[in-house]
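What you see below is based on every heavy atom in this structure, not just the backbone, and it leaves out hydrogens, waters and symmetry mates. Read the numbers this way: they start at 1 and go in the same order the structure lists the ligands and their atoms. Just so it is clear, the model here is predicted, and its values are computed rather than measured.
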Amino acid sequence: MDLEEGTREFHNLLSKIHPRLLPQFISWIQDHVEVLERDLLDNTDDDDDDYDDNVENTDVILESIRDDLRQIIPFSGIFPSENIVSPTIGPNSDCTPQTTVHIDAFLYEEDDLKTLESDGKVSLSYCKDCNSKNVGPFTLITHSASQAQVKYIFQYLLPDLTGKTLLDVGSRFGPMLYGAYLLTNANIEGVEIDENLCKIQQQIIKKYQFDDRIRIYHNDILDRADLLEKADIIILNNVFEFFMPLETQTKVWQFLSSHVTRRGVMLITHPSIEESLKYLKVDIKVNNWMKEIDISSHLSKASLLLLGKRLPSETDLINLHLYETL
Ligand SMILES: C[S@@+](CC[C@H](N)C(=O)[O-])C[C@H]1O[C@@H](n2cnc3c(N)ncnc32)[C@H](O)[C@@H]1O
């Protein structure tokens, strides 16, 4: 039963209970939710011991990589060689340098932020009106996937990737690549336009001996139609909005729609393709190109099991979308 069917069945059940008894029934559910959640945690399909060990090892290795990266990456997570373009249109157009803090979600998790703030290393609020106590929160922007997002994708969203090729467009520090290596058998490719970022990924790949299945290409994706054409899974995690002006974004989407044409290719995107195209003058008929897959049941399960949150909207997993080419 998927989430939609389950919700319908639940409403159906509620409609059969005598209205007088409804408050009692709801209260019974509330009391039992924790037990139900515990059952769900015990009942995941990962009862295979080897699989559990693998997931635990993944956490340890990703955390070790994070420690290594923190030593070599500036606190802002941005290199002087990079050209960050503040969006002028769309939901992130309020991200001005004055009110935005760039904190990399792979390097610093939510709990780390509290420690960083109490240590005085970062301020998460700014004074909206000097000399007053009128303070507002900074908008936090990350340019990497968080560890939870990486695990969600490779543990919950995607099918078995044995024999498949996965491409991360704009692989940055590489969390998607390392997660894919540790949790799948895919052949993994990352293309990244910034040379410093490519060197960092190479360093990690060498240290952790991931080089039998990960390759990094220092290129503009516009020069690598070949990588797009052979990929079975393509990740586009906020690649364009903060890294190129609208005209270049338009060009890149036209390029993607001309070269990602094989049937059955899966795309994981943030934001949704519709959102990305909304402000661009492109002639792409998304509905003829691909269909979005309903991932709501994976999302609810992963929110609970990875982050202990019943409401996926409270997590960053909600940002990810899954499509398949037609
Ligand atoms: C938001 S980051 C993506 C992070 C990474 N995929 C992840 O999920 O953690 C976007 C990256 O795309 C890179 N990029 C931007 N334009 C590109 C292009 N035309 N070709 C290749 N990489 C590009 C940027 O340098 C940046 O590192």
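Between the side chains of Y217 and E189, at least one donor N or O lies within less than 3.5 Å of an accepting N or O. Between S81 and E195, the side chains place no donor N or O within less than 3.5 Å of an acceptor N or O (distance only, hydrogens not considered).
Protein heavy atom closest to atom 16 (N) of ligand 1, with residue, atom name and distance, is M244 CE, 3.2 Å. Among all non-hydrogen protein atoms, the one lying nearest atom 27 (O) of ligand 1 is E192 OE1, 2.8 Å. For atom 10 (C) of ligand 1, the closest non-hydrogen atom on the protein side is F243 CE1, 3.6 Å.
Counting the atoms of ligand 1 from 1 in the order shown, those under 4.0 Å from a heavy atom of R172 are 2 (S), 4 (C), 26 (C), 27 (O). Interface of A145 with ligand 1, defined as ligand atoms under 4.0 Å from a residue heavy atom, comprises 7 (C), 8 (O), 9 (O). Remark: ligand 1 atoms within the under-4.0 Å shell around heavy atoms of N238 are 1 (C). Near P175, meaning under 4.0 Å from any of its heavy atoms, are these atoms of ligand 1: 9 (O). Less than 4.0 angstrom separates some heavy atom of D220 from each of these atoms of ligand 1: 18 (C), 19 (N), 20 (N).
For D316 and K309, the salt-bridge test fails: no basic side-chain N is under 4.0 Å from an acidic carboxylate O. Of the charged side-chain nitrogens involved, none lies within less than 4.0 Å of a carboxylate oxygen, so that K206 and D211 do not count as a salt-bridged pair. Ion pairing of R263 with E324 is absent here, as no side-chain N (NZ or NE/NH1/NH2) approaches a carboxylate O to less than 4.0 Å. A salt bridge links R172 with E82: at least one charged nitrogen is closer than 4.0 Å to a carboxylate oxygen. A salt bridge links K278 to E275: at least one charged side-chain nitrogen sits closer than 4.0 Å to a carboxylate oxygen.
In this structure, of N237, I235, I193, the residue bringing a heavy atom nearest to atom 17 (C) of ligand 1 is I193. With distances taken over non-hydrogen atoms, the option nearest atom 2 (S) of ligand 1 out of H143, E82, K251, Q249 is H143.
Heavy atoms of D168 approach ligand 1 to within less than 4.0 angstrom. At least one heavy atom of N219 sits less than 4.0 Å from an atom of ligand 1.
Distances between N or O atoms of I221 and those of ligand 1 include at least one value under 3.5 Å. In terms of N/O distances under 3.5 Å, ligand 1 is approached by G170. Polar contact with ligand 1: absent for L197 (N/O pair, distance under 3.5 Å). Between D194 and ligand 1, no pair of N/O atoms sits closer than 3.5 Å.
Counting only distance, with no hydrogens or angles, the side chain of H218 and the backbone of I193 share a donor-acceptor pair below 3.5 Å. No donor-acceptor pair closer than 3.5 Å links the side chain of N288 to the backbone N or O of K285.
Of the candidates L167, I235, I214, V150, L177 forms a side-chain contact (heavy atoms from CB on, under 4.5 Å) with just one, namely I214.
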